[in-house]
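Just the heavy atoms: all of them, side chains too, but no hydrogens, waters or symmetry mates, feed the values below. Just so you know, ligand 1 is whichever comes first in the structure, and atom 1 is the first atom listed for that ligand.
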Amino acid sequence: MRILITGGHVIDPSQEFAGRADIVIEDGLIKTFAKDKKLRNNGLPEHIMVIDAAGMWVVPGLIDMHTHLREPGYENKETIKTGTMAALRGGFTTVCAMPNTNPVNDNPGVTEFILKKARAEGNARVLPIGAVTKGQMGEELAPIYMMREAGCIAFSDDGRPVANPLIMRRALEYAKGLDALIISHAEDPLLSGGGVMNEGLLSATMGLKGSPAIAEEVMIYRDIALSELTGGRVHIAHVSTLGGVRVIRQAKERGVAVTAETCPHYFSLTQEAVTGFNTHAKVNPPLRTQKDVEAIKEGLKDGAIDIIATDHAPHGRAEKASRQFDDAPPGISGLETALPLSLALVEKGVLSEMELIRKLTRNPARILRIDGGTLMEGMPAELAIVDTQRRFVLKAGSFMSLGKNTPFDGMELKGAVVKTIFGEKVMEWQPA
Ligand code: DOR
């Protein structure tokens, strides 16, 4: 099949290109990337599907380094099939699947199961992340070498920290030898002490146990120090605090090979979103203060934070709706809102369009050491077409994801993915 995408505003950080370009796709690959040229009526073969992208952005398929696909074990929350369809709907063509499934992805058997399922039923590319420790229990290292051989792209106990510093040291030493990436869920469990929202006046007023910012900062500091000691590569997941951004920035200034991500909810919302005991705004780490939000934006702007990831964490309706705030599971279904929420950063002048798309494509590809996130000729055709001006009221009920849990339900958002192309597949979307 041949496709011509014409008239769009193409942004491809891998080629440092932003401007008018026409793209021809043939047999699932980018055949031609024609800058400042119109290919239409210009010796094009017949039988070509023409997509008029006038007024739209055309960007490489987004890469999410932090997705919970829930399969195996929690298919009531999400499956590989539904999660990857939600990914495409959000403009993501690659997702990295966190290991906190049941069973945990802590051995090659589970990794192989995920990859097999993804080949059979997946709609987008799935890169499994293996657990650092067996059962994510933080006690004994998982067979990292074998899991890497089986196809794990990185290692993390996400959902839980690796609390024992000796285990983390060993994991990083091991990772160094294999040139593997360790993703840190940075939370000191003794300091967070079972807190369910940000610690402060609001948590005290609401009578809820708070999780202080220092629980994140201390752990980021520890993992950076261990990375420096061992030479193992560490990536800090879901940074939410001012102090965390500072520690990462200082480490980068010293030349430490640390990388970091934040998620749209940490620059879009503050802790006030949990007012009224709104379980949809319960997430781990918790939503913080306006000062933290500003620091996250500053970190995105100056490069302390390399990427935006979704931490797509779908949960069943009843788990969020009919439980007390204390008992509701943390997490936000994020794949289908990440791009509009992130586009607000361009609108507010925090990031240029190039920098935003870099943090959603090229930077994750660089950190993961994969080839994706590019529209270069010869590469697989993976791209999203975005109407950045389209306003819509979010209806979580219409998510492709089984997880309808989002604090953004009913809000007006701006910027909608209208088409996603993944190889031979062309998907067309209405905004949620
Ligand atoms: O809010 C969260 N939900 N944070 C995590 O670290 C885990 C995730 C989940 O698995 O639901």
Taking the non-hydrogen atoms of His315, is any one of them nearer than 4.0 angstrom to ligand 1?
yes
4.0 Å heavy-atom contact, Arg70 with ligand 1:
yes
Correct closest heavy-atom pair for Ile30 and Leu375 would be CG2-O, 3.4 Å
What residue and atom, counting heavy atoms only, is the protein's closest point to atom 7 (C) of ligand 1, and at what distance?
Gly159 CA, 3.7 Å
Can you find a side-chain donor-acceptor pair between Thr79 and Glu75 that sits under 3.5 Å?
no
Sorted by chain and residue number, the side-chain contact (heavy atoms from CB on, under 4.5 Å) partners of Thr279 (sequence neighbours excluded) come out as Lys320, Phe325, Ala328
Numbering the atoms of ligand 1 from 1, which are under 4.0 Å from a heavy atom of His185?
6 (O)
Could you state the interatomic distance from CD1 (Ile248) to CD (Gln250), rounded to the nearest 0.5 Å?
10.5 Å
Please state whether Lys282 comes within less than 4.0 angstrom of ligand 1, counting heavy atoms only.
no
In terms of atom number and element, which parts of ligand 1 are under 4.0 angstrom from non-hydrogen atoms of Asp158?
6 (O)
Specify side chain, backbone, both or neither for Ile332, according to which of its non-hydrogen atoms lie closer than 4.0 Å to ligand 1.
neither
With a cut-off of 6.0 Å (strictly less than), are more than 12 heavy atoms of other residues, nucleotides or ligands near CD of Glu412?
yes
Which atoms of ligand 1 are found less than 4.0 Å from any heavy atom of His238?
6 (O)
Going by the atom numbers of ligand 1, which of them fall below 4.0 Å from some non-hydrogen atom of Ala313?
3 (N), 8 (C), 9 (C), 11 (O)
Heavy atoms only: give me the nearest Ala18-His9 pair and the separation to one decimal.
C-CE1, 4.1 Å
Closest approach of any protein heavy atom to atom 3 (N) of ligand 1, naming residue and atom:
Pro330 O, 3.1 Å
Is it true that Tyr174 and Phe155 have ring centroids separated by less than 6.0 Å?
no
Could you list the atoms of ligand 1 found under 4.0 angstrom from a heavy atom of Val283?
1 (O)
Students should be able to answer this: which protein heavy-atom is nearest to atom 8 (C) of ligand 1, and at what distance?
His68 NE2, 3.7 Å
Thr259 versus Asp306, side-chain donor and acceptor atoms under 3.5 Å:
no
Would you say the side-chain atoms of Asp158 and His66 include a donor-acceptor pair closer than 3.5 Å?
yes
Out of Asn405, Asn284, Asn100, who gets a non-hydrogen atom closest to atom 4 (N) of ligand 1?
Asn284
